[in-house]
Amino acid sequence: MSSPPLLEVDRLVMHYVTEKGEVSAVEDVSFSLKKGEALGLVGESGCGKTSIAMSLLRLQADNAVFKSGEIRLNGENLLALPEDEMRRHRWKDIAMVFQGAMNAWNPVYRVGDQIREALDLHFRPRLSDAEVTERISRLFEMVGLNPAMANRYPHEFSGGMRQRAIIAMALSCDPSIIIADEPTTALDVIVQDQILQELKKIQEELGMAIIYISHDIAVIAEVTDTIGIMYAGKLVELGPTVEVFARPKHPYAYLLLSSTPSVTGPRRKLAPLEGEPPNLLNPPTGCRFHPRCPYATERCSIDEPPMEVVGDGHQVACWNWQEVPVTISQEARP
Ligand SMILES: Nc1ncnc2c1ncn2[C@@H]1O[C@H](COP(=O)(O)OP(=O)(O)OP(=O)(O)O)[C@@H](O)[C@H]1O
Ligand code: SF4
Ligand SMILES: [Mg+2]
């Protein structure tokens, strides 16, 4: 029998309450994560990726409201836990590399001391000073930093090194799940690639599960087993990364991938995606993608398509997925 999922997001709906109304940031999103699995969440800016990540840690903004759904860690609904119980899980079970965190180091403290503080706060039972020093050295080695760097200040680190140290901090409490929200976005392509490959190696060695979040599907294709494509607060396609890459079924995924030829090849814009993502204060009726979708039919603006199983572990939310070409045209693949 296959092992039960470590994490299950079950029909999660999360809105932000604002003066102008409710922002429908996460709308009926479901996915699960097994021990050791690497899942990618991809989509344009503002589609709800960080909102999902913050919900998983229950670090959502003050104006966020969970309307329905559950987030289950080993079967326990995190959304129903009192805050002090949630604190037991945060960092120890689920840790996060926050979007833009590499710029959040406090400039006046040594990097090692900042990790030490996090360990003191979250690691139970507490470690002795010697154990903490040993642990930080080990974490630094793991992420490819010289342990001596722990005594340095953030300004003495390059961007890539600061991000490696952030990853070390996220790993410090031995979490079973790490969420990496745009972990390499601000870095140059070579450093990006090195860090992602190293993170993948660490993840596999430790048997940790990971959720990679990125607006760039090419960046995380190589390091994920499963990929979820988001559009305007909805998860519109979910499946094995190789399968989604080879045979995307959702028109948005298809267009996204047609303009991302391959992970290794040059970028060639084939079918540019026209228009802007919708305002989530007032999302389109029916399928949220319908105003931009070349495959839209009358029904699309009226009825919302449910997730439908289209292959082994492959689901898509589209009324007309069968109209989407079976594979991305060969010209798209250099
Ligand atoms: N605290 C908030 N109050 C109101 N709206 C918010 C709040 N935080 C985020 N939003 C809105 O919710 C939607 C989802 O935002 P989110 O940050 O989750 O997107 P994202 O996919 O992470 O984007 P990016 O790729 O730019 O990081 C957006 O429309 C955003 O403007
Ligand atoms: S349901 Fe309709 S509008 Fe939505 S993606 Fe499918 S074809 Fe396009
Ligand atoms: Mg984000």
Side-chain angles (χ1 to χ4, degrees), residues 9 12-27 29 40-57 59-67 96-101 103 179-186 211-217 219-220 228-238 248-258 271 273-308 310 315-325:
V9 175
L12 184 67
V13 180
M14 191 270 255
H15 290 181
Y16 295 107
V17 176
T18 73
E19 279 177 2
K20 292 184 179 151
E22 286 195 16
V23 177
S24 161
V26 181
E27 206 58 47
V29 166
L41 287 180
V42 181
E44 288 169 301
S45 181
C47 70
K49 305 179 298 292
T50 298
S51 299
I52 291 181
M54 295 305 232
S55 301
L56 297 178
L57 278 174
L59 290 176
Q60 73 284 357
D62 290 344
N63 62 332
V65 180
F66 292 109
K67 309 288 276 193
M96 181 156 167
V97 173
F98 293 96
Q99 188 166 8
N103 301 317
I179 305 167
D181 191 357
E182 305 276 5
T184 59
T185 297
I211 300 178
Y212 288 99
I213 291 178
S214 178
H215 62 279
D216 188 343
I217 194 165
V219 166
I220 53 173
I229 314 266
M230 291 195 60
Y231 185 79
K234 307 273 304 181
L235 189 64
V236 295
E237 183 156 359
L238 180 67
K249 299 279 194 268
H250 194 280
Y252 174 63
Y254 178 78
L255 292 173
L256 201 67
L257 280 160
S258 306
L273 190 55
E274 309 231 328
E276 294 293 315
N279 181 346
L280 298 182
L281 271 169
N282 187 17
T285 52
C287 171
R288 291 186 174 190
F289 190 51
H290 85 256
R292 298 169 83 183
C293 183
Y295 300 91
T297 47
E298 209 180 324
R299 178 183 200 183
C300 301
S301 60
I302 303 164
D303 295 333
E304 198 172 332
M307 271 292 208
E308 189 182 332
V310 294
Q315 300 173 51
V316 66
C318 172
W319 295 121
N320 301 326
W321 64 268
Q322 273 152 327
E323 305 299 320
V324 175

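The analysis underlying the following values was restricted to heavy atoms, covering all of them including side chains, and did not include hydrogens, waters or symmetry mates. Order of appearance sets the numbers: ligands from 1, and atoms from 1 within every ligand.
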- Under-4.0 Å heavy-atom contact between protein and atom 10 (N) of ligand 1: yes
- Is the shortest distance from a heavy atom of Gly48 to ligand 1 less than 4.0 Å? yes
- Message: With a 4.0 Å heavy-atom cut-off, what residues sit around ligand 2?
- Response: His250, Pro251, Cys287, Phe289, His290, Cys293, Tyr295, Ala296, Cys300, Pro305, Cys318, Trp319, Asn320
- Query: Quick one: does atom 30 (C) of ligand 1 have a protein heavy atom under 4.0 Å from it?
  - Reply: no
- Could you go through the side chain to side chain donor-acceptor pair (under 3.5 Å) check for His15 and Glu22 one step at a time? CA-CA 6 Å; His15 290 181; Glu22 286 195 16; 2.8 Å; yes
- Message: Evaluate Leu280 for polar contact with ligand 1, using N/O atom pairs at a separation under 3.5 Å.
- Response: no
- Message: Please identify which of these residues, Leu59, Thr50, Ile179, meets the side-chain contact (heavy atoms from CB on, under 4.5 Å) condition with Phe98.
- Response: Leu59
- Based purely on interatomic distance, does His215 place a nitrogen or oxygen under 3.5 Å from a nitrogen or oxygen of ligand 1? no
- Under 3.5 Å: N/O of Thr18 near N/O of ligand 1: no
- In ligand 1, which numbered atoms sit nearer than 4.0 Å to a non-hydrogen atom of Val23? 5 (N), 11 (C), 12 (O)
- Apply ring pair (Phe, Tyr, Trp, His ring centres under 6.0 Å) to Tyr252 and list each qualifying residue two or more places apart in sequence or on a separate chain. Tyr231, Phe289
- Message: Checking the N or O distance criterion of under 3.5 Å, is ligand 1 in contact with Cys47?
- Response: yes
- Item | Region of Asn63 engaging ligand 1 - heavy atom pairs below 4.0 Å | side chain
- For ligand 1, does Gln99 get within less than 4.0 Å through its side chain, its backbone, both, or neither, judged by non-hydrogen atoms? side chain
